[in-house]
A.B. asks: 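The following block contains the structure, expressed as structure tokens.
Residue numbers start from 1 in every chain, and the chains themselves are labelled A, B, ... in the order their sequence lines are given, proteins ahead of strands.
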Amino acid sequence: MIPLSHYLLVSAVLFGLGTVGVLISRNLITILMSVELMLNAANLALISFARWHADPGAHVFVFIIFVVAAAEAAVGLSLVIAIFRRKNTVDVDELNILKG
Amino acid sequence: MLNTIWLIPVFPLIGFMINGLFGRRLTRYGSGVLGCLTVFASFILSLLAMLFLGEGPHRFTLAEWIVAGRFTVSFGFLLDHLSAVMAVTVSGVAFLIHVYSTGYMAQDERFSRYFAYLNLFVFFMLVLVLADNFLLLYMGWEGVGLCSYLLIGFWFQKDSAANAGKKAFIVNRIGDFGFALGIMLIFWKFGSVYFPEVFAAAPEMFVPGDTLVTAICLLLFLGATGKSAQIPLYVWLPDAMEGPTPVSALIHAATMVTAGVYMVARCSVLFALSPTALLVVAIIGAATALFAATMATVQNDIKRVLAYSTISQLGYMFLACGVAAFSAAIFHLMTHAFFKALLFLGAGSVIHALHHEQDLRHMGGLRKYLPATFLTFGVATLAISGFPGLAGFVSKDEILWSSFASPLGGVAFWVVGVLTAGLTAFYMFRLFFLAFYGKSRFSEETATKVHESPMSMTGPLVILGILSFVGGWIGWPKVLGGGNSFEHYLAPVFAAAEELLPHGVNHAHSTEFLLMGLSVGIALLGFIWAYRWYLRGSTAPENLKNKFPAVYRLVQNKYYIDEFYHLVIVRPIVGGSRWLWKYFDELVIDGSVNGLAAFVRQLGQAGAQPQNGYFRGYAATFALGSVAVLAWLIYVLS
């Protein structure tokens with residue numbers, strides 16, 4: 001049987017990749033994809049623990065995250081489209097009108 | 001009856017309020033009548049108060065003013081023989097000048113404002129003479145200074161008038177500073193500022209010649225030199241002639257400038273305790289009398305001659321105070337109020353007739369144009385020159401005799417006094433001849449317009465003329481068969497001071513006659529001198545001028561005292577203030593405030609730096625923050 005730490009390691013690597021993607025990418029769509037990656041890394045960790053504790057309660061959280069991720073993707077993509085229509089770009093560095 | 005003395009100053013105050021607040025709605029006639037009537041009411045009340053006064057002083061406290069622990073001051077009035085004489089003189093002369101003003105200022109746009117100021121002045125002046133404590137006197141003192149400032153600068157459209165007002169105010173502040181310090185010393189020492197308490201306690205508290213009492217007297221006298229235009233603070237008075245002429249007559253000749261003499265006489269007990277202070281007063285008085293008289297001899301502006309003459313006559317009064325002849329000083333104050341007010345009003349009548357021409361070189365021959373002015377002016381000229389029998393003769397001779405005979409006096413004071421008397425006769429007759437005799441030196445066109453002034457102006461002239469004639473008779477000297485009742489009248493007020501002073505030896509009547517004859521003779525010389533130079537058309541003045549141009553320029557330019565003050569006092573103060581402005585104010589004060597603002601701005605900019613609007617920056621901060629919190633949690637939990 002594959003030990004828990006392997007699953008958690010994969011989950012952490014995926015989460016780290018997602019975080020780095022959010023931080024270094026300038027493309028809004030890439031950022032959204034990176035956020036999906038982070039969410040799924042969290043899902044993987046939850047499922048792993050569920051198996052480890054033999055407690056299916058964590059599945060509930062995973063389903064909620066699926067729903068939220070789907071909603072987030074819908075809202076996020078529509079925002080991206082709205083921004084693109086307005087500014088003709090999806091580069092986040094161009095979206096700096098909140099500069100203090 | 002005597003409890004109504006507080007009404008004496010209140011009447012002009014009412015006049016001031018009505019004229020000041022509703023002056024625009026009153027007609028000229030209404031303003032003038034109101035102004036005159038309120039002062040007339042004060043005059044009648046003062047006369048009644050004098051009649052009902054009887055023997056002793058009477059005190060009446062209207063209300064408490066300041067109560068702070070041991071320090072209490074009230075709106076209290078003191079009526080004794082001295083303040084009664086002052087109140088009657090002030091309100092009487094003021095009334096006549098108010099009446100005169102209705103004619104003189106008839107064409108002025110701000111007629112009611114003028115009467116409001118004039119009434120306010122009379123109010124403060126009466127408070128000054130009737131106050132029963134130093135602080136209320138000081139209030140009146142400052143109030144008349146304010147009115148003087150307002151009225152000198154009444155025609156403030158002229159720069160010279162506005163500047164003269166400022167000069168008068170600022171020079172007076174120097175004197176008032178000394179006066180205020182004197183009052184503080186008095187309170188510190190006596191614990192009271194009420195005249196009767198202070199003067200009763202003074203002889204027990206000090207031995208004659210005490211340093212502290214000398215300091216108090218000299219500080220009070222500094223205040224008097226400012227208000228009464230004595231050396232070294234006399235410079236404001238000649239400039240004050242920029243004001244309307246009735247103002248010069250009322251404030252700068254008859255009443256306000258004599259406040260210093262009144263104050264010194266009021267504090268006679270304190271001065272009697274300090275021979276040093278009395279000597280200073282006498283020396284300053286004598287020096288001012290002579291010094292101002294020399295300057296009066298070469299002035300060409302009719303009002304400036306009279307201004308220097310006023311300074312000189314005030315010097316006489318202080319000379320009298322300095323030799324402890326306080327009643328002689330007050331007597332001369334009163335007669336001077338009559339004839340000097342008359343001289344100013346006469347000069348005003350001339351100026352009025354010539355449409356604001358004040359230069360003596362453009363007058364002459366006015367005798368036939370202005371008969372009433374000519375006659376009354378003549379009486380006043382004779383009076384001030386000391387013509388035997390007239391008011392000025394009696395009072396001036398009393399001063400000269402005191403300066404010789406008093407144990408505090410001396411021959412030197414008498415000589416200075418007599419020289420001044422000669423100069424007085426000279427410059428007054430010079431003025432008189434230049435203005436009223438000879439050929440007219442104004443244009444034909446002006447000559448057709450010259451007219452005698454209206455009744456409202458000549459009336460007061462005539463009344464003052466009569467007073468200048470007979471006003472001295474109440475103090476007719478014993479040596480000439482009189483009773484000198486004026487001195488007897490004031491004796492109770494100065495009795496306390498008399499006791500502290502050394503008694504003089506009795507001089508022979510022949511000495512008094514001799515000195516009187518000498519002073520009259522010297523005044524006559526002055527008259528003859530002026531007669532030969534200015535009436536006979538002598539070229540001597542021109543020759544003398546050409547022979548000693550430096551001396552003439554020196555005197556003509558008033559000994560360059562104004563320039564000297566400007567150089568030694570005004571310039572350094574202005575320079576120092578400029579330095580403080582440029583370096584202390586702009587660098588230190590502004591610098592610290594601006595520096596604080598700049599520091600806060602820098603801080604804000606530093607704080608705004610992370611808010612750069614870059615989403616990734618925020619995300620990175622958020623991620624790092626999460627890591628930090630997690631690290632901390634792990635650290636704490638493990």
Side-chain angles (χ1 to χ4, degrees), chain A residues 4-5 8-9 11-42 44-46 49 65 68-69 72-73 75-84 86-100, chain B residues 162 166 571-638:
Chain A
L4 176 66
S5 58
L8 291 182
L9 199 64
S11 166
V13 169
L14 284 177
F15 191 86
L17 283 173
T19 311
V20 173
V22 168
L23 291 184
I24 64 169
S25 171
R26 301 207 316 208
N27 191 314
L28 259 176
I29 296 170
T30 317
I31 289 172
L32 275 177
M33 282 158 50
S34 302
V35 170
E36 293 295 326
L37 204 56
M38 287 161 77
L39 285 168
N40 283 314
L44 183 58
L46 282 166
F49 280 117
I65 289 174
V68 169
E72 178 248 300
V75 173
L77 281 171
S78 50
L79 281 173
V80 171
I81 290 164
I83 288 167
F84 184 77
R86 198 170 173 81
K87 306 203 75 159
N88 215 13
T89 178
V90 287
D91 187 339
V92 285
D93 284 1
E94 301 287 319
L95 309 176
N96 59 357
I97 56 169
L98 277 180
K99 183 174 178 176
Chain B
K166 269 188 284 182
R571 282 264 302 274
I573 288 178
V574 171
S577 307
R578 186 179 297 276
W579 185 86
L580 284 175
W581 162 37
K582 284 283 178 204
Y583 293 95
F584 187 74
D585 200 66
E586 292 203 342
L587 286 184
V588 180
I589 307 267
D590 291 4
S592 58
V593 173
N594 289 344
L596 194 65
F599 170 72
V600 172
R601 186 164 60 232
Q602 294 276 319
L603 206 66
Q605 268 167 1
Q609 212 65 55
Q611 300 237 350
N612 53 10
Y614 291 111
F615 157 74
R616 294 181 301 152
Y618 300 159
T621 314
F622 178 67
L624 283 175
S626 310
V627 169
V629 170
L630 272 177
W632 183 73
L633 277 176
I634 290 165
Y635 172 76
V636 170
L637 294 176
S638 60

A.B. asks: Is A:Leu95 in contact with chain B via its backbone, its side chain, both, or neither, using a 4.5 Å heavy-atom distance?
C.D. replies: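 The answer is the backbone of A:Leu95.
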A.B. asks: Does the B:Arg616 side chain pair with the main chain of A:Asp93, one donor and one acceptor, at a distance under 3.5 Å?
C.D. replies: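 Side chain of B:Arg616 to backbone of A:Asp93, a donor-acceptor pair under 3.5 Å: no, none is there.
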A.B. asks: What distance do A:Leu23 atom CG and B:Phe615 atom CZ have between them, rounded to the nearest 0.5 Å?
C.D. replies: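 If I round to the nearest 0.5 Å, the distance is 8.0 Å.
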